[in-house]
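Below is one structure, written out as structure tokens; comments come after it.
Hydrogens, waters and symmetry mates are skipped; everything else that's a heavy atom, side chains included, is used. Residue numbers start from 1 in every chain, and the chains themselves are labelled A, B, ... in the order their sequence lines are given, proteins ahead of strands. Values in this document were obtained by computation on a predicted structure and should not be read as measured data.
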Protein chains: 2
Amino acid sequence: MPVELSCKSEYALLALLELADVYTSKEPLQIRQISAQQHIPDRYLEQLLATLRRGGIVRSQRGAKGGYLLAREPRKITLLEIVACLEGFDAQAKEQEDAAKFTKTLEGGIIAEVWQEADQAAKTILQNYTLQDLCDRRDARQQLDLMYYI
Amino acid sequence: MPVELSCKSEYALLALLELADVYTSKEPLQIRQISAQQHIPDRYLEQLLATLRRGGIVRSQRGAKGGYLLAREPRKITLLEIVACLEGFDAQAKEQEDAAKFTKTLEGGIIAEVWQEADQAAKTILQNYTLQDLCDRRDARQQLDLMYYI
DNA sequence: CAAAACCCTAGTGGAAAACCGGAGTATACT
DNA sequence: AGTATACTCCGGTTTTCCACTAGGGTTTTG
Ligand code: FES
Ligand code: FES
């Protein structure tokens, strides 16, 4: 119940998985291709990729034959970093003001502490997964499904 | 970033802390008193307490001289139970449909799995805190603040 | 019976999230 | 150089959700 998976993060992860698949080719992937493949509204995905670029997770190449590439190897990109990039900036500010509001009262401060502990636990999980891990896991699953099919 | 603390949960926890304080007296506490003490909109708190009652966390006594009491000792009420009661029912349904939507595609399923793992980690934290723990922690903090003041 | 409390159900307002559109800018290819 | 392509910036719209409000009903006390 407590951990949210926003539409934003989901779209971004799907897009990054696509980029991770073609990472070794060094060829950029275009918004259109990704949005068609993963059924994501292209104009919206554009915004997300721009945010990821500003966050240093993705590189972009402008002009004809342009597109997006991962800025680093999939092994070096954690899920926490991704979601922090997308929701982190304003969310972090939001969190600060929430903490401030709560800490005005003693009880509120205690509650905020416990919630931060829970939050930290969830973050640690996401910290320990990389894009590569997701790819590997998906490939393994696909193999398994194939074997069952036969 | 990922763990939400909704207004609902916050209000409910504050109210339950009040109830926990007077638990031994076996005297019911009224909505008005709680809302005044913790600055919670009374009409809203009413709904939350109703939900907590349906969830078996709180008992109510109707009529004049009525009010609310904890259904069990504070030691036997976990924070997870509280938040699950408040956001759980529709959130759980929501979660199911999300999982179903994601699992339609292979990538979506993988992502959902990871998120559930993170969610589980956060839940475990909340599972291991009871209302009594919060009270104790608050009291300890209060003592400390007092000592610094002197 | 009347007052005090809880009990239900619905509805409102506003903010945030998701999504769309248009004009601008860089790049590649001919 | 010129044109097509694709990213970039920024503003607007739609939709969804949440905190909150409201009104009428039921139970208990005295
Ligand atoms: S019920 Fe909300 S994450 Fe499981
Ligand atoms: S930034 Fe969202 S919980 Fe810490």
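- Set against C:dC7, D:dC7, C:dA18, the side chain of A:Ser6 has C:dA18 as its closest nucleotide.
- For D:dT8, one of the phosphate oxygens OP1 or OP2 lies less than 4.0 angstrom from a side-chain nitrogen or oxygen of A:Ser60.
- Between B:Arg32 and the phosphate of C:dA4, there is no side-chain N or O to OP1/OP2 separation shorter than 4.0 Å.
- Along DNA chain C, the nucleotide closest to B:Gln47 and the one closest to B:Gly66 are compared, and the more 5′ of them pairs with B:Gly66.
- Screening residues 66-80 of chain B for salt bridge (Lys or Arg N to Asp or Glu O under 4.0 Å) gives B:Arg72-B:Glu81, B:Glu73-B:Lys76 as the qualifying pairs, with residues at least two apart or on separate chains.
- With C:dA18, C:dT9, C:dA5 as the candidates, the nucleotide lying closest to the side chain of B:Gln30 is C:dA5.
- Under 4.0 angstrom from either OP1 or OP2 of D:dC9 there lies at least one side-chain N or O belonging to A:Arg54.
- Salt bridge status for A:Glu87 with A:Lys8: absent, with no side-chain N to carboxylate O gap under 4.0 Å.
- Taking the side chain as every heavy atom from C-beta outward, A:Val58 and A:Leu70 approach each other to under 4.5 Å.
- Between A:Glu18 and A:Gln38 the shortest side-chain heavy-atom distance falls below 4.5 Å.
- Nearest to the side chain of A:Tyr44, among D:dG11, C:dA18, C:dA10, sits C:dA18.
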Contact letters for nucleotides 24-30 of chain D, in which S counts primed atoms plus P, OP1 and OP2 and B counts the base, heavy atoms under 4.0 Å: -BBBBSS
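- Regarding A:Leu52, its CG atom lies at a distance of 14 Å from the C1' atom of D:dC7, rounded to whole Å.
- Of the residues near DNA chain D, A:Leu49 and B:Glu4, the one whose nearest nucleotide (by heavy atom distance) lies more toward the 5' end is A:Leu49.
- Partners of A:Glu46 under the salt bridge (charged side-chain N to carboxylate O under 4.0 Å, His left out) rule, at least two apart in sequence or in another chain, are A:Arg43.
- Between B:Tyr68 and C:dC7, a side-chain N or O to OP1/OP2 separation shorter than 4.0 Å is present.
- Taking side-chain N and O atoms only, A:Tyr11 has a distance below 4.0 Å to OP1 or OP2 of C:dC19.
- Side-chain atoms of B:Ser9 never come within 3.5 Å of backbone atoms of B:Leu5 as a donor-acceptor pair (strictly under, hydrogens ignored).
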